[in-house]
Amino acid sequence: MGSHPDGVVRGGGALISTENPAGSGQQQTASPASPESGTAGRTKPSASSQVDLSGVAELKAIVRIRPFRRLWAVLGLSSLGDWLGLLATSTFAAGHVSGSAAKGAAFGTVIAVRLLPALVLGPLAGVFADRFDRRYTMVVCDLIRFVFFASIPAASLVTHDPKLIVGWAAIATFVIETVAMLWVPAKEASVPNLLPRARLEAANQLTLATTYGITPVAAGLVLAGLNSGLASLYRQIGHTWIEPTNAALYFNALTFLATALTVLLGIPEISGRSARQDGQRKPGMFREFLDGWAFVGKTPLIRGLVLGIFGAFAGGGVVVGSGQTYAKSLGGGDSTFFILFAMLFIGLGIGIVLGPRLVGGLSRRRMFGVSIVLAAGSVTILALAPHLTVAVVGTLLVGVGAGMAFLSGTTLLGSEVDDEVRGRAFAVVQTGTRVVLMLTISLSGFVVGAGGSRLLALPGIAIPISTTRLLLGVAGVFGVVAGLAALRQMDDKPGVPLLADLLGSLRGRPLSPAEPAPRRGLFVVFEGGEGAGKSTQVQRLAQSLHAQGRDVLVTREPGATEVGERIRNLLLHEAPASSALTPRAEALLYAADRAHHVAAVIRPALARGEVVISDRYVDSSLAYQGAGRTLPVDEVSWLSSWATGGLKPDLTVLLDVEPQVGLARAGARSATADRIESESEAFHERVRYAFLDLAAAESGRYLVLDASRPPEEIAAVVAERVAELLPPQPRTSGLAEVADATERLTSSTSDSVETVKEQAT
Ligand SMILES: Nc1ncnc2c1ncn2[C@@H]1O[C@H](COP(=O)(O)OP(=O)(O)OP(=O)(O)O)[C@@H](O)[C@H]1O
Ligand SMILES: Cc1cn([C@H]2C[C@H](O)[C@@H](COP(=O)(O)O)O2)c(=O)[nH]c1=O
């Protein structure tokens with residue numbers, strides 16, 4: 001598969017872009033400095049650095065990019081041609097034979113011939129898109145489509161034998177569809193190179209809406225217009241080229257000539273890939289073909305995408321194939337079937353247009369998996385629907401899920417698959433979806449036709465079981481499993497709970513993934529109210545671990561770093577009263593201290609394999625700023641998880657004490673109370689119960705101890721629990737025994753606590 005330029009990682013044969021937002025590996029020959037000339041290839045605006053625009057502004061931003069605008073126009077024209085071609089060739093063939101059976105056979109033959117190339121040529125098509133200049137591939141394909149579309153009506157100028165005319169229409173259609181199989185992956189693989197990556201999703205929304213929303217309607221209108229406008233003229237003049245179907249085919253041919261010229265002369269940016277390949281020996285076509293399939297099979301992301309997309313299409317195929325009998329099972333007829341069919345397409349449109357707004361910042365990999373589960377879960381709703389209303393809602397949801405999956409899947413393929421192999425990835429999807437759709441529509445039609453409805457006789461009761469519903473149920477469950485498997489394969493936020501992430505995204509606050517970090521040490525945190533004895537226990541644990549010869553880092557929040565010390569003073573001593581610092585500002589200052597603390601002190605120590613013991617951490621913010629100051633706890637939690645990059649302690653020791661007792665201890669320790677110690681008793685009560693609630697919610701990671709017990713008892717329990725989390729330490733010398741004895745003699749005064757704190761800072 002050639003070289004792997006910067007920004008591309010190889011793993012198991014995988015080539016996934018990690019850096020370049022506009023399609024890595026792409027060496028643009030154009031120098032797109034302004035939006036007019038296209039921002040692809042050079043600039044590096046990541047999804048996160050891109051300004052988040054509203055829907056219309058986003059669309060304006062992408063159509064302002066000249067190469068993309070032109071490609072979009074080409075796509076619109078070409079798609080109009082496709083739809084016109086489908087309608088016109090079918091009616092053309094049927095119009096040249098007489099008798100309903102012959103007309104039906106002619107129509108069916110043309111449709112079958114249109115689908116055949118997907119099976120024969122589909123797998124090879126991607127090799128063309130990846131091997132040759134995509135611009136010339138598109139131009140040659142469009143010129144061939146121009147000639148062959150024009151040749152269909154022109155055949156009747158040469159012969160009047162209907163068999164020859166229909167036969168030629170079938171051959172021409174086969175050729176046209178064959179080159180379309182080459183054109184589509186070349187086009188799909190080019191789009192990501194013409195746009196900044198952050199705009200790819202909106203671009204896909206626009207192109208999908210054009211292909212499946214605007215152009216089929218436009219094609220119907222053009223055909224209807226030609227029919228009504230030219231029919232009487234044709235009757236008067238009699239020239240075959242103004243016969244409406246012939247005129248539609250000539251018009252269609254011209255759309256392909258127009259697109260060929262536009263791509264050739266107007267979008268040179270599609271070329272440019274060959275520069276990278278100069279001087280390299282290309283592998284043979286067969287090798288490239290095998291590499292493409294190996295890439296799909298070995299790369300978890302692509303495997304997940306392909307699995308999910310095929311699953312969604314299989315579900316859609318089953319819904320369409322069993323639609324008519326399903327409508328009957330609801331007590332309806334053809335009109336019910338059409339209502340359900342319309343609902344499916346309305347849902348698709350909603351999913352494509354509104355899906356991204358709905359899920360907000362949810363990662364697109366997760367959006368893809370969740371959409372498949374939504375679509376498939378809704379198919380199971382259809383299986384159980386007792387009434388048309390439920391079936392209508394279910395069908396709408398199937399469409400919404402499928403639309404969102406289609407959009408996110410296409411965007412992921414475009415943005416995460418390296419340019420070198422993107423054409424082949426798109427070709428696999430293109431071929432596979434056609435095959436899966438054809439098979440499931442025809443198989444499910446056959447199964448529901450043969451199955452009918454059976455009575456399940458149980459003692460005392462007979463339950464009617466319809467094959468249609470059984471099939472829908474099986475398809476739904478299969479789809480949910482495929483969606484979950486896809487999620488597993490491609491999840492980019494392992495460790496971040498999916499449901500919480502989804503709910504946060506729907507509300508506009510997605511959870512950040514934990515920052516990947518080599519982590520070999522152990523992270524222990526002490527939490528509790530004022531004067532609970534945290535510092536005392538921190539120091540005891542540190543000494544005990546030191547005595548075992550372990551590397552220990554003692555630290556605290558706020559104030560473990562130079563910057564943190566200044567923040568601490570500001571928070572606890574310099575601001576004279578609570579009114580001088582608003583709760584949000586206070587929360588942000590604690591978060592700022594934490595962000596720096598984690599990055600500068602905790603993560604490096606953990607990476608070195610040390611035991612890190614911190615006097616307070618995230619829970620203090622949840623308890624003091626959340627419960628104490630009554631800020632929304634989920635907002636404070638989000639802030640902390642952003643500040644820490646998702647770093648959680650391995651163990652949190654909660655020292656629980658009544659606030660009066662703790663405050664009295666703290667008062668005895670120092671004459672003046674700081675800004676937070678001076679808060680009301682009710683404030684400290686809320687803080688105490690918030691700590692206890694946090695521990696109860698995740699009990700496995702907490703050790704809750706009664707802090708009114710003697711310090712040495714508490715220390716023993718803590719040491720025992722920590723020992724369970726540490727690997728056994730080889731005893732090296734008699735020094736360890738000496739250290740143990742020293743530790744037993746050490747007093748637990750607050751002076752020595754301060755000494756340890758000083759070492760840490
Ligand atoms: N289990 C205990 N029983 C009685 N007194 C204790 C106990 N633990 C600590 N103390 C004493 O209580 C005072 C406060 O202890 P320490 O500084 O360890 O608490 P803290 O939780 O760190 O307080 P703060 O959060 O206010 O910094 C100290 O004088 C300490 O000696
Ligand atoms: C980390 C953190 C701390 N606080 C409060 C809790 C205490 O009153 C002080 C810290 O002083 P101590 O000597 O460690 O007891 O700050 C808070 O309100 N929010 C936090 O996130």
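Order of listing sets the numbers, starting from 1, for every ligand and every atom in it. All values derive from a computational prediction rather than experimental measurement.
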- Task: Would you tell me which option among Ala532, Ala591, Ser621 has the nearest heavy-atom contact to atom 21 (O) of ligand 2?
- Result: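 That would be Ser621.
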- Message: Going by the closest heavy atom to atom 16 (O) of ligand 2, which one wins out of Tyr624, Tyr617, Tyr590, Phe526?
- Response: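 Going through Tyr624, Tyr617, Tyr590, Phe526 one by one, Tyr590 has the nearest heavy atom to atom 16 (O) of ligand 2.
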- Task: State if Ala532 counts as touching ligand 1 under the rule of any non-hydrogen atom under 4.0 Å.
- Result: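 Ala532 counts as a contact of ligand 1 under the 4.0 Å cut-off.
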Which of the numbered atoms in ligand 1 are below 4.0 angstrom from a heavy atom of [X]?
| X | value |
| --- | --- |
| Ser535 | 17 (O), 18 (O), 20 (P), 22 (O) |
| Glu677 | 26 (O) |
| Arg616 | 25 (O) |
| Arg709 | 1 (N), 2 (C) |
| Gly533 | 8 (N), 9 (C), 15 (O), 16 (P), 18 (O), 19 (O), 20 (P), 21 (O) |

- Query: Does Arg669 approach ligand 1 within less than 4.0 angstrom via side chain, backbone, both or neither, non-hydrogen atoms only?
  - Reply: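 For Arg669, the contact with ligand 1 is made by the side chain alone.
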- Check Ala707 against ligand 1 and report side chain, backbone, both or neither, counting heavy atoms closer than 4.0 Å.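 Ala707 to ligand 1: backbone contact only, side chain stays beyond 4.0 Å.
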- Message: Considering only residues two or more places apart or on different chains, which pairs with a residue in residues 351-378 satisfy ring pair (Phe, Tyr, Trp, His ring centres under 6.0 Å)?
- Response: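 Output for this query is empty, none listed.
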- Query: Pairs in or reaching into residues 584-624: which pass ring pair (Phe, Tyr, Trp, His ring centres under 6.0 Å), with residues at least two apart or in two chains?
  - Reply: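 As it turns out, the ring pair (Phe, Tyr, Trp, His ring centres under 6.0 Å) pairs with a partner in residues 584-624, which skip direct neighbours, are Phe523-Tyr617.
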- From Arg629 atom CZ to Arg686 atom CZ, the distance as rounded to the nearest 0.5 Å: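 Rounded to the nearest 0.5 Å, the CZ-CZ separation comes to 9.0 Å.
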- Find the distance between CG (Asp551) and CG (Leu522) and round it off to the nearest 0.5 Å.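 So the CG of Asp551 and the CG of Leu522 are separated by 13.0 Å.
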Numbering the atoms of ligand 2 from 1, which are under 4.0 Å from a heavy atom of [X]?
| X | value |
| --- | --- |
| Ile676 | 5 (C), 8 (O), 18 (O) |
| Gln625 | 17 (C), 18 (O), 19 (N), 20 (C), 21 (O) |
| Glu557 | 1 (C), 14 (O) |

- More than 12 foreign heavy atoms under 6.0 Å from CZ of Arg701: is that the case here?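 Enclosed: over 12 neighbouring heavy atoms sit under 6.0 Å from CZ of Arg701.
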- Item | Audit row: Glu416, Arg364, salt bridge (charged side-chain N to carboxylate O under 4.0 Å, His left out) steps and yes/no | CA-CA 11 Å; Glu416 299 213 24; Arg364 286 333 187 217; over 6 Å; no
- Tell me, do Leu541 and Val611 make a side-chain contact under 4.5 Å, heavy atoms counted?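 Not in contact.
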- Task: Identify the heavy atoms of Tyr702 and Leu694 that sit nearest to each other, and give their distance.
- Result: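 Nearest pair, atom of Tyr702 first, then Leu694: CE1-O, 3.7 Å.
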